[in-house]
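See structure below.
The first residue of the sequence shown is numbered 1, and numbering continues consecutively from there.
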Amino acid sequence: MKSMIRLVTAAAVIFAVTALRPAHDVKPTDLGKGTEFKGKKIEMKDKGEVAYLLAFTAGKEFEATTDGTKNTDVNLYVYDGAGKEVGKDDSPGPKSSVKVTPEKDGKYKFVITNTGGENTVTFKVTVAQ
């Protein structure tokens, strides 16, 4: 009986974590090489989400940032080529920042979510020299 209760409890916890985690199913737009990316202004709706791909070289740290014009809640998630989350900033407010040092050459997916009303968000990426 105790093992059945543990199984049901574990299943409930897994379901809750999966249900509460953002889906990030939006199709990403490829923006090319991270070293050549100059930034982008995004008009985001309430509960909106956008995704971008940028290519980076192994060993060169990059910092991705968002900055909204209004005091809303903008979040930033970064995934490697295998889909593994390698960084996130889901703190409250319109600004987000994530630093990543790629282990290998490849494309990284950036997902930006807006959970607090319409906003104009600036997305920038800086690559270390």
Side-chain angles (χ1 to χ4, degrees):
M1 185 66 168
K2 284 185 180 182
S3 62
M4 182 59 119
I5 292 171
R6 287 183 187 146
L7 177 65
V8 170
T9 302
V13 168
I14 291 170
F15 174 77
V17 168
T18 305
L20 294 175
R21 180 176 171 84
H24 306 311
D25 291 331
V26 66
K27 183 176 178 181
T29 300
D30 194 328
L31 299 176
K33 295 180 180 180
T35 55
E36 297 173 4
F37 180 65
K38 302 298 181 206
K40 184 170 188 63
K41 283 200 184 285
I42 310 157
E43 296 297 325
M44 297 192 73
K45 302 227 183 270
D46 185 30
K47 309 295 184 219
E49 179 175 283
V50 296
Y52 300 109
L53 291 175
L54 286 166
F56 294 94
T57 304
K60 292 212 171 206
E61 180 185 69
F62 64 80
E63 180 178 17
T65 61
T66 64
D67 189 4
T69 57
K70 298 179 184 172
N71 191 20
T72 60
D73 190 14
V74 177
N75 300 313
L76 174 62
Y77 303 87
V78 183
Y79 300 89
D80 66 13
K84 177 184 171 196
E85 183 179 275
V86 295
K88 72 177 179 180
D89 184 346
D90 57 2
S91 60
K95 296 183 180 198
S96 301
S97 176
V98 174
K99 289 184 180 181
V100 174
T101 302
E103 293 181 8
K104 58 184 176 180
D105 293 356
K107 291 188 178 183
Y108 284 73
K109 179 179 174 183
F110 299 83
V111 177
I112 303 165
T113 62
N114 179 28
T115 61
E118 292 188 15
N119 201 353
T120 300
V121 177
T122 302
F123 171 55
K124 292 183 181 178
V125 176
T126 306
V127 179
Q129 298 298 324

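You'll find the side chain of Asp80 stays beyond 4.5 Å of the side chain of Lys104, heavy atoms only. The shortest distance between side-chain heavy atoms of Asn119 and Thr69 falls below 4.5 Å. Between Pro94 and Lys70 there is no side-chain heavy-atom pair separated by less than 4.5 Å. Between Ile42 and Tyr52, the closest side-chain pair of non-hydrogen atoms falls below 4.5 Å. For the pair Tyr108 and Val125, the minimum side-chain heavy-atom distance is 4.5 Å or more. Contact check for Lys95 versus Thr65: no side-chain heavy atoms found under the 4.5 Å cut-off.
The salt bridge (Lys or Arg N to Asp or Glu O under 4.0 Å) test applied to Asp90 returns Lys88, not counting sequence neighbours.
When hydrophobic clusters are built by joining Ile, Leu, Val, Met, Phe, Trp and Tyr residues whose side-chain heavy atoms come closer than 4.5 Å, directly or via intermediates, Tyr79 is not grouped with Leu53. Linking ILVMFWY residues whenever their side-chain heavy atoms come closer than 4.5 Å, directly or via other members, leaves Val111 and Leu76 in distinct clusters. Linking ILVMFWY side-chain heavy atoms closer than 4.5 Å, directly or via other members, places Phe110 and Phe37 in a single hydrophobic cluster. Hydrophobic clustering, with ILVMFWY side chains joined whenever heavy atoms are under 4.5 angstrom apart, groups Val98 together with Val86.
A pairwise comparison of heavy atoms in Lys47 and Thr115 identifies NZ-O, 3.5 Å as the closest pair. Annotation for Ala51 and Lys109: closest pair CB-CE, 4.0 Å, computed over non-hydrogen atoms. The shortest heavy-atom contact between Glu118 and Lys45 is CG-CA, 4.0 Å. Nearest heavy atoms, Thr101 versus Lys60: CG2-N, 4.4 Å.
A salt bridge is absent between Lys124 and Asp67: the closest approach of a Lys/Arg side-chain nitrogen to an acidic carboxylate oxygen does not fall below 4.0 angstrom.
Looking only at distances, a side-chain donor or acceptor of Thr66 sits under 3.5 Å from a matching main-chain atom of Ser96. Between the Asn114 side chain and the Val74 main chain, no donor and acceptor come within less than 3.5 Å of each other.
Of the inter-residue distances, the one linking Ile112 atom CD1 with Tyr77 atom OH reads 11.5 Å to the nearest 0.5 angstrom. Between atom NZ of residue Lys40 and atom OG1 of residue Thr122 there is a gap of 11.0 Å, rounded to the nearest 0.5 Å.
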